[in-house]
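What follows is a single structure, written as structure tokens, with notes after it.
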Amino acid sequence: MIEARHLRVLRAVAATGSFSAAGRELGCTQPAVSQQMKALESSVGTPLLIRTGREMRLTQAGEALVRHAAGIIAGLTAAEEEVAAIAGLRAGRVRLVSFPSGSSALVPTALAALRAAHPGTRVSLEEAEPPRSVEMLREGDCDVALAFRYEGAAGAEEWDDLVVRPLLTDRLVGLVPEGHRLARTESVAIAELAADPWIAGCPRCRGQLVEVCESAGFTPRIDFATDDYPAVVGLVSAGLGVAVLPQLAIECVRPRGARTVAVEPPVRREIVALTLPDLAQVPAVAATLDQLAAAATR
């Protein structure tokens, strides 16, 4: 019989490449990892790992088992949580992954309300941008992923296997230095910024910026790129360029020395909460999705 704890160890070994590194990740000793791997190989009746120098390499059987492990672990987690709720334990654990502006604008309100309504539910938070956050969900490394995608962008089918909870539509706004020639205008065509240097954001936002600018007839000259929204605001405020930022990010950062302007044509992104179908049935996960949706309306 294959045990879930053995599958977790196998995934850690596959990800880190060694027993010792897997032990550090899992908080156990190298001998304990070795012992559990031997037990798993005994259960399945075939080698799962091959030692190559100081690292471990998966056999074909090991690769197959790792490929199925995320779904198996997610299903077991869903079963354990649902049984616990039915048994009246009124406790739960939710691992939430969010992109930075979602962490600042939506997550605090949602988690405060969740704690007030369900004080026994524990939520951990980690930050990651999509598509990495979506990969973490599929790999079994989180239970809920706060993610976004731009309207009209390719790959709309990328979430077809997930439960998608729409939260809000977030419009991108332009950010220019206070002394900029367009700082006093209410809206600007993005082509009017063609000659300006640009400060770009996360890789997905950067790609979207280039697409929008190229559709307007120019390629932006990106002088700086950073995933940190306060850094973007600081660079714009210092007069080092212009930027487009999600409205959600602007709400969390006071743009001193910079002004926001509406950008035409409008660029919007859909913000959603994602989970796996099995996990959507877990009460703690369902409650987290509900509170995120409520926070998005405030």
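The model shown is predicted, which means the values in this text are computed figures rather than measured ones. No hydrogens, no waters, no symmetry mates; every other heavy atom, side chains included, goes into these values.
Looking at every heavy atom in both residues, Leu146 comes nearest to Gly102 through CD2-CA, 4.0 Å. Residues Val263 and Arg171 share a closest heavy-atom pair of O-NH2, 2.9 Å.
Crowding of Glu178 atom CD: a count of heavy atoms from other residues, nucleotides or ligands under 6.0 Å exceeding 12.
One side chain, Glu127 or Ser103, offers a donor N or O that lies under 3.5 Å from an acceptor on the other.
With rounding to the nearest 0.5 angstrom, the CG atom of Leu65 is 5.0 Å from the CD1 atom of Ile2. Atom CG of Leu276 and atom CG of Asp161 lie 7.5 Å apart (nearest 0.5 Å).
A salt bridge between Glu139 and Arg132 is present, with a side-chain N of the basic residue lying under 4.0 Å from a carboxylate O of the acidic one.
In this structure, Ser43 has no side chain to side chain contact (heavy atoms under 4.5 Å, CB included) partners at least two apart in sequence or on a different chain. Scored by the side chain to side chain contact (heavy atoms under 4.5 Å, CB included) test, Ser215 finds no partners at all (sequence neighbours excluded). With sequence neighbours left out, Arg221 forms a side chain to side chain contact (heavy atoms under 4.5 Å, CB included) with Pro197, Asp223. Here Phe19 pairs with nothing under the ring-ring contact (aromatic ring centres under 6.0 Å, His included) rule; sequence neighbours left out. Arg165 meets the salt bridge (Lys or Arg N to Asp or Glu O under 4.0 Å) test with Asp290; sequence neighbours excluded.
The side-chain heavy atoms of Val242 and Leu175, taken from C-beta on, include no pair separated by under 4.5 Å. Side-chain contact between Asp227 and Arg206: present, with at least one pair of heavy atoms (C-beta onward) separated by less than 4.5 Å.
For the ring-ring contact (aromatic ring centres under 6.0 Å, His included) condition, the pairs that include at least one residue of residues 98-119, sequence neighbours left out, are Phe99-Phe148.
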